Amino acid sequence: MTQMNMAKAINLALHEAMTKDKRVIVMGEDVGQDEGVFRITEGLHAKFGDTRVIDTPLAESGIVGTAIGMALYGLKPICEIQFAGFDYYNYHQLESHAARFRNRTRGRLSVPMVMRAPYGAGIRAIEHHSESREAIYAHTPGLKVVIPSGPRNARALLHSAIQDPDPVIYYEPKAVYRLFKEEVPDAMETLPIGQAQVARKGKDITLVSYGASLRPTLEAAELLEEEDGVHAEVIDLLTISPFDAATIVESVSKTGRCVVVHEGPRTCGIGAEIIARINENAFLYLEAPVKRVTGFDCQVPYFSKERAYLPDAERVLEGCRATLSF
Amino acid sequence: MTQMNMAKAINLALHEAMTKDKRVIVMGEDVGQDEGVFRITEGLHAKFGDTRVIDTPLAESGIVGTAIGMALYGLKPICEIQFAGFDYYNYHQLESHAARFRNRTRGRLSVPMVMRAPYGAGIRAIEHHSESREAIYAHTPGLKVVIPSGPRNARALLHSAIQDPDPVIYYEPKAVYRLFKEEVPDAMETLPIGQAQVARKGKDITLVSYGASLRPTLEAAELLEEEDGVHAEVIDLLTISPFDAATIVESVSKTGRCVVVHEGPRTCGIGAEIIARINENAFLYLEAPVKRVTGFDCQVPYFSKERAYLPDAERVLEGCRATLSF
Amino acid sequence: MPRKPIDLPFKLEYLSVLDENAELDKKLEPKLTDDELKTLYRYMLKARRADERMLNMQRQGRIGTFPQASGHEAISMGSIFCLEKEDWLVPAYRELAGMLYRGWPLETILLYWNGFEEGAKVPDGINDLPMCVPVASQLLHAAGIGMAMNIQQEKKVVLTFFGDGSSSEGDCHEALNFAAVFNAPVVFICLNNQYAISVPIAKQMKNETVAQRAIAYGMQGIRVDGNDVLAVYTATQEAIARARKGEGPTLIECLTYRFTPHTTADDPKRYRSEDESKKWHLREPLLRFAKFLKNKGIMNDEQKIAIDAEIDAEIKAAVAKAEELAKSEELMDPLRMFDYSFADMPPFLAEQRQELADHIAKHKKHKKEAGEKKAPSPAQI
Amino acid sequence: MPRKPIDLPFKLEYLSVLDENAELDKKLEPKLTDDELKTLYRYMLKARRADERMLNMQRQGRIGTFPQASGHEAISMGSIFCLEKEDWLVPAYRELAGMLYRGWPLETILLYWNGFEEGAKVPDGINDLPMCVPVASQLLHAAGIGMAMNIQQEKKVVLTFFGDGSSSEGDCHEALNFAAVFNAPVVFICLNNQYAISVPIAKQMKNETVAQRAIAYGMQGIRVDGNDVLAVYTATQEAIARARKGEGPTLIECLTYRFTPHTTADDPKRYRSEDESKKWHLREPLLRFAKFLKNKGIMNDEQKIAIDAEIDAEIKAAVAKAEELAKSEELMDPLRMFDYSFADMPPFLAEQRQELADHIAKHKKHKKEAGEKKAPSPAQI
Ligand SMILES: Cc1ncc(C[n+]2csc(CCOP(=O)(O)OP(=O)(O)O)c2C)c(N)n1
Ligand SMILES: Cc1ncc(C[n+]2csc(CCOP(=O)(O)OP(=O)(O)O)c2C)c(N)n1
Ligand SMILES: [Mg+2]
Ligand SMILES: [Mg+2]
């Protein structure tokens with residue numbers, strides 16, 4: 001067991017995966033000698049060299065498109081897109097090819113690759129560096145989307161993503177990179193993609209969240225218990241697509257109330273889909289409308305106001321109270 | 001009044017808009033001398049010439065990116081993306097710029113442009129020519145999304161889109177282009193963006209749809225009345241973003257039951273958002289879960305099986321019956 | 001020091017070996033055996049006949065819209081013929097001749113244009129990607145495959161294709177640049193037929209040749225007569241030899257003309273003159289090459305007729321096979337749309353699959369859809 | 001006819017007017033009045049001082065991460081100085097000197113880097129776009145503006161900027177190609193500082209110059225000494241003159257070196273040697289130009305000190321103004337995040353605005369956030 005932060009845990013997983021499997025390649029802008037603008041690829045270039053840790057030209061479609069070619073050839077590329085706000089440049093390659101080769105060729109070819117990108121607001125960055133648009137990938141058939149919430153699950157999920165035979169979008173909540181440390185076991189571990197975790201047990205209301213929003217959600221759950229004596233169950237989705245509806249439905253069937261928390265825009269976001277699934281599978285158990293505490297449907301404001309945009313514990317708490325008093 | 005199909009009606013709107021406003025420019029691949037692969041730009045090049053009807057190089061980001069420049073300069077570009085399946089190539093320009101200039105510059109600059117694209121399945125086209133991914137645009141702050149369902153509203157909505165001071169995605173259900181004719185008034189008309197229409201009045205169940213899915217939805221409503229004596233109200237969204245939640249909520253508050261029909265993928269689709277809004281605003285009126293009859297979360301199959309993918313009257317009918325008997 | 005010229009270490013050339021009258025430039029004649037020459041001819045002819053047959057089938061509603069390859073046979077065949085089995089081919093969609101040579105059964109191609117994913121299922125033992133619809137996007141896959149070959153230290157090459165119009169896409173730029181920077185063993189073949197659907201090359205680019213784009217990437221580039229299979233062959237051989245020696249990518253522009261419509265849905269009369277087309281008909285690649293083979297004494301009229309007959313029989317058999325396959329339980333089953341989304345089907349997709357299965361069982365429908373004939377649609381690719 | 005060379009109607013040149021020792025090539029001296037020369041100097045200096053001041057402010061947490069422009073003043077100033085008021089500027093993010101000259105108040109720039117949209121609000125009366133973060137995407141806007149000028153038959157020009165790294169983006173290719181095809185009056189300035197964050201130009205492209213990319217588009221191209229304001233000025237004047245005459249776009253590569261970090265969050269020691277940097281420090285643009293002005297008798301030491309003092313006062317005032325604005329009710333109000341999404345606010349957004357308004361009213365919070373100081377963040381642009 002070692003205490004480490006999420007940045008270090010992701011870095012550890014990369015080291016482990018590259019050591020274990022020669023086919024694993026890391027590529028992206030500044031991932032080599034510079035070790036990534038967030039230093040997530042620290043030590044890789046020194047250890048594995050130019051051939052397997054590739055500084056690419058500044059071209060996101062180029063990065064993802066050539067990674068697709070490498071994956072088709074039998075390698076396992078992990079590409080870093082420097083910020084999620086620039087992965088729109090390569091979305092067509094993911095949508096049109098990474099997500100389709102298996103289906104297109106009836107299983108003859110596949111694209112086992114990972115696209116990593118730091119996403120989300122909260123670090124006082126400039127425009128285009130704070131978006132949280134995982135719902136676009138969740139809406140895209142053929143892609144899996146994983147978002148860790150802490151060091152330990154970040155490392156385990158990255159291993160699962162790398163081992164997955166299909167393309168996985170691995171979004172890293174950059175506000176969490178160095179936010180806290182956690183025990184990470186010495187032995188390599190994985191976590192099944194598609195499985196949520198109950199981060200806190202409770203019986204009165206279900207809170208669903210993921211990524212950077214998990215912490216304010218957990219804080220709100222604490223406050224709720226302290227101040228209102230209400231026991232909130234908190235579910236950490238971990239996989240956004242395909243997400244673990246069963247765990248949510250089971251919890252909501254017990255609590256009858258639910259609040260979904262995420263920082264991405266509300267309309268057609270993950271919250272909407274969770275509501276739809278609860279509606280479809282736990283309709284008769286619901287005692288109040290499912291509440292969405294989310295980012296708003298405007299642009300993430302420039303950083304002087306980003307905290308007002310982000311769901312925080314107080315907004316979650318209010319959402320819970322509104323749901324409880326419905 | 002003239003009888004015309006949707007292709008003709010859109011063409012008419014383009015002629016009218018270009019005649020009325022010199023700043024209106026049409027651009028895209030093959031829109032000039034060839035008059036568009038679906039002939040939607042028929043007669044424009046002959047009438048308005050090279051300067052205002054522009055055959056561009058084959059580059060979608062180029063088309064949308066230069067259109068943004070033109071709009072910033074004061075023109076009103078209407079760009080055609082040959083098929084919606086290729087607008088992922090230009091999504092970053094829409095997301096990062098068209099949708100943002102007004103906000104970014106606190107209203108000093110704006111991007112009054114329209115991106116037209118034929119979308120959806122049902123015409124036996126090859127891969128990438130059958131997608132229906134309007135939800136991506138609905139999820140993107142700063143964009144409006146309009147989808148007509150018939151000749152008359154197609155023309156009126158295109159005028160509204162062109163006159164709109166902000167960027168509008170105008171998705172054309174290509175399966176409807178030449179499917180039927182309708183009376184279109186001689187005088188130019190508009191329809192307010194953001195307003196749905198009740199396409200059929202009813203009291204027992206609310207069906208919400210748009211675009212090419214509207215017709216099977218209406219058919220199902222007829223069958224429901226004939227076979228089950230149930231009166232379905234059918235709402236034609238027309239604007240997908242920002243959509244008219246009020247009209248849906250009002251109807252569902254009356255009927256207590258709802259089925260949403262669209263051909264786009266289900267997860268995080270428009271149906272999910274509609275369910276979320278009903279959950280938020282008509283929770284106590286709901287007597288059954290809202291049902292989604294939609295495209296599936298796999299790739300649209302190659303055309304030998306596309307009809308099985310598409311929601312048809314029978315699937316809608318079944319969805320209604322499941323909802324009614326809940 | 002002030003205004004000093006910058007020397008570019010490049011010269012661009014135009015290469016042609018057989019002229020329009022099938023006169024050979026002896027100095028440039030590639031070393032090919034009679035059998036090899038006949039093989040070149042055979043696949044070019046087979047592609048031509050298949051294309052013609054498919055046009056009929058399309059008119060009869062037996063397959064969907066497709067892009068004709070007639071007139072472009074010298075390009076795909078002259079280049080793809082240079083590949084070894086372990087090399088990779090990343091096609092666009094007009095490389096029928098070369099794909100047939102590579103081992104793609106014609107029935108597979110027919111399934112593709114008749115709306116079956118099975119038509120994109122790469123045959124076992126072949127290192128190719130299937131045809132690609134979003135133009136230029138495949139060039140990045142080719143660059144990536146080439147990069148992977150370097151990473152794995154395997155001395156293979158990749159051959160990839162794109163059109164003059166496709167050269168305008170950002171992905172084309174990124175692919176050429178990545179290939180150059182990483183010294184990837186990729187040969188980029190630009191099939192310059194001077195039109196992108198209706199858009200003539202003069203509206204597509206201001207530069208006079210596509211080949212000069214190579215200079216922008218510090219890459220070798222050449223323009224060849226794309227209707228001359230020997231010129232295409234020669235340029236490709238040279239490029240592949242360089243690539244195998246670790247000297248990186250090459251851009252080969254093959255100048256040709258699309259004397260068919262863009263696809264079966266297109267009407268070229270809308271945007272170009274018959275005269276222009278006629279002029280190019282004279283430069284048609286197959287007749288020219290046949291004449292050369294005859295002049296050279298490799299193929300007499302009898303042999304020519306025999307090849308024709310063989311090919312007709314092969315095509316007939318392929319059509320029958322494709323139409324039989326299309327009616328098979330397996331290919332007609334709509335539920336299979338779910339089966340290849342992921343290696344393992346996630347629960348939510350399994351539920352959707354069941355939903356459709358129940359619906360079909362209830363209505364006993366959709367089963368027949370796959371086999372139905374339909375009127376041609378107005379869709380382009 | 002076979003292997004015949006293709007002649008390219010292009011010659012590439014390298015241009016330098018003032019050498020490293022401020023020696024002038026008399027033949028090439030541009031016609032500029034003393035006042036104009038002093039103006040060039042003044043804005044270059046102001047940008048330098050502002051940059052230095054901003055670095056301090058960033059270290060103190062008074063603004064966020066920003067990309068330094070020191071050392072690149074000759075490029076933006078030499079080129080932007082050539083614009084008329086009604087021309088358009090489409091910047092990237094290192095054009096501080098030219099933007100100040102164009103009329104962007106320094107306090108606006110400061111607001112931008114302190115996280116206020118008001119910093120991107122183009123000042124009234126100026127035909128510019130604000131700085132652009134997603135690299136190369138702005139080049140298409142420039143091309144589109146140029147196309148619009150042609151459509152409207154207005155004889156204006158657009159000047160736009162991008163980096164060596166940004167040249168790898170597909171959008172850069174599409175923009176150069178559109179501008180060439182539509183003969184748009186656009187001057188593309190590549191600020192080649194030889195690094196894209198940590199990636200040296202040798203890993204970015206295999207071609208030796210960015211200028212040769214012009215050949216790929218049938219466009220005029222030139223490489224100039226980017227630390228020589230007179231060379232940049234001369235090349236831009238020529239390009240603008242051609243553009244105004246309807247002769248289309250030009251690509252100007254300005255060779256320079258980023259002797260600062262990429263942004264305040266970057267550490268160049270990780271990827272390049274001090275020696276390399278030092279060598280380039282000797283070619284620094286401002287000292288060279290000051291020496292030239294002194295040699296020419298246009299600016300003596302006293303005058304130089306006076307300008308320095310004026311500029312310091314201007315910067316002090318701008319900082320005060322920016323910090324005052326940042327504390328204003330208007331700029332601090334988070335509810336304004338909703339107000340410019342659309343010309344008219346749709347109901348669902350109005351509801352969300354109300355939701356936030358209620359929340360803030362209840363908790364009396366967020367109001368202060370805007371003014372708070374923060375530790376520097378590790379974000380790059
Ligand atoms: C990204 C993308 N945009 C648009 C299309 C529609 N389309 C198909 S082929 C074609 C023209 C291609 O021209 P060119 O590259 O010259 O190839 P050719 O068909 O002439 O061989 C177009 C616009 C497409 N398939 N992909
Ligand atoms: C599309 C996009 N991808 C990545 C980034 C992150 N990024 C910001 S600046 C930069 C390097 C730019 O290098 P260059 O074009 O040479 O300009 P310079 O900063 O050297 O002036 C990168 C990778 C971005 N802003 N936009
Ligand atoms: Mg072509
Ligand atoms: Mg640079």
Side-chain angles (χ1 to χ4, degrees), chain C residues 1-19 23-28 136 140 167-183 202-219 221-223 225 231 234 248-249, chain D residues 1-19 23-28 136 140 167-183 202-219 221-223 225 231 234 248-249:
Chain C
M1 87 154 287
R3 281 212 185 258
K4 74 177 181 206
I6 299 175
D7 282 335
L8 293 172
F10 296 101
K11 55 179 198 328
L12 274 189
E13 283 183 339
Y14 176 81
L15 175 68
S16 125
V17 176
L18 268 190
D19 76 8
E23 296 295 344
L24 179 75
D25 186 313
K26 283 263 162 63
K27 290 190 310 299
L28 295 175
L140 281 167
S167 73
S168 297
E169 291 281 2
D171 275 6
C172 179
H173 167 66
E174 299 188 16
L176 289 165
N177 190 45
F178 269 64
V181 165
F182 294 105
N183 210 40
K203 286 190 184 180
Q204 195 70 241
M205 58 189 76
K206 206 180 165 191
N207 41 307
E208 299 224 315
T209 70
V210 177
Q212 77 204 62
R213 291 264 163 98
I215 297 170
Y217 306 101
M219 190 189 284
I222 188 171
R223 175 182 252 206
D225 179 348
T234 302
Chain D
M1 88 150 289
R3 277 208 188 263
K4 75 175 181 208
I6 300 176
D7 282 334
L8 293 171
F10 297 101
K11 56 179 198 330
L12 274 189
E13 282 183 340
Y14 176 80
L15 175 68
S16 126
V17 176
L18 269 190
D19 76 8
E23 295 294 343
L24 179 75
D25 186 313
K26 283 263 162 63
K27 292 191 307 297
L28 295 175
L140 281 167
S167 73
S168 297
E169 291 282 3
D171 275 6
C172 179
H173 167 66
E174 298 187 17
L176 289 166
N177 191 45
F178 269 64
V181 165
F182 294 105
N183 210 39
K203 287 190 184 180
Q204 195 71 242
M205 58 188 76
K206 206 181 165 193
N207 41 306
E208 300 224 316
T209 69
V210 176
Q212 76 203 63
R213 289 265 164 97
I215 296 171
Y217 306 102
M219 189 189 285
I222 187 171
R223 174 183 254 208
D225 178 348
T234 302

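By convention in this document, chain letters (A, B, ...) are assigned in the order of the sequence lines, proteins followed by strands, and residues within each chain are numbered from 1. Quick caveat, the model's predicted, so the values are computed rather than measured.
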query = Got a sec: does the CD of C/E208 have more than 12 other heavy atoms crowding it under 6.0 Å?
reply =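 It does not: C/E208 CD has 12 such atoms or fewer within range.
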key: Best-contacting candidate, D/L12, D/D7, D/T209, against chain C by heavy atom pairs under 4.5 angstrom   =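 Going by pairs under 4.5 Å, I would pick D/L12.
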Tell me whether [X] contacts the main-chain N or O of [Y] through its side chain, where contact means a donor paired with an acceptor under 3.5 Å.
| X | Y | answer |
| --- | --- | --- |
| C/E13 | C/I222 | no |
| D/H173 | C/D171 | no |
| D/Q212 | C/I215 | yes |

Heavy-atom proximity to chain C below 4.5 Å, by part of [X]:
| X | answer |
| --- | --- |
| D/Q204 | backbone |
| D/K11 | neither |
| D/D225 | neither |

inquiry  = Among C/A211, C/P5, C/A202, which residue has the highest count of heavy-atom pairs closer than 4.5 Å to chain D?
reply    =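 The answer is C/P5.
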message = So, using side-chain contact (heavy atoms from CB on, under 4.5 Å) as the criterion, who are the partners of D/A216 when residues are at least two apart?
response =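 Here the qualifying residues are C/R213, C/A216.
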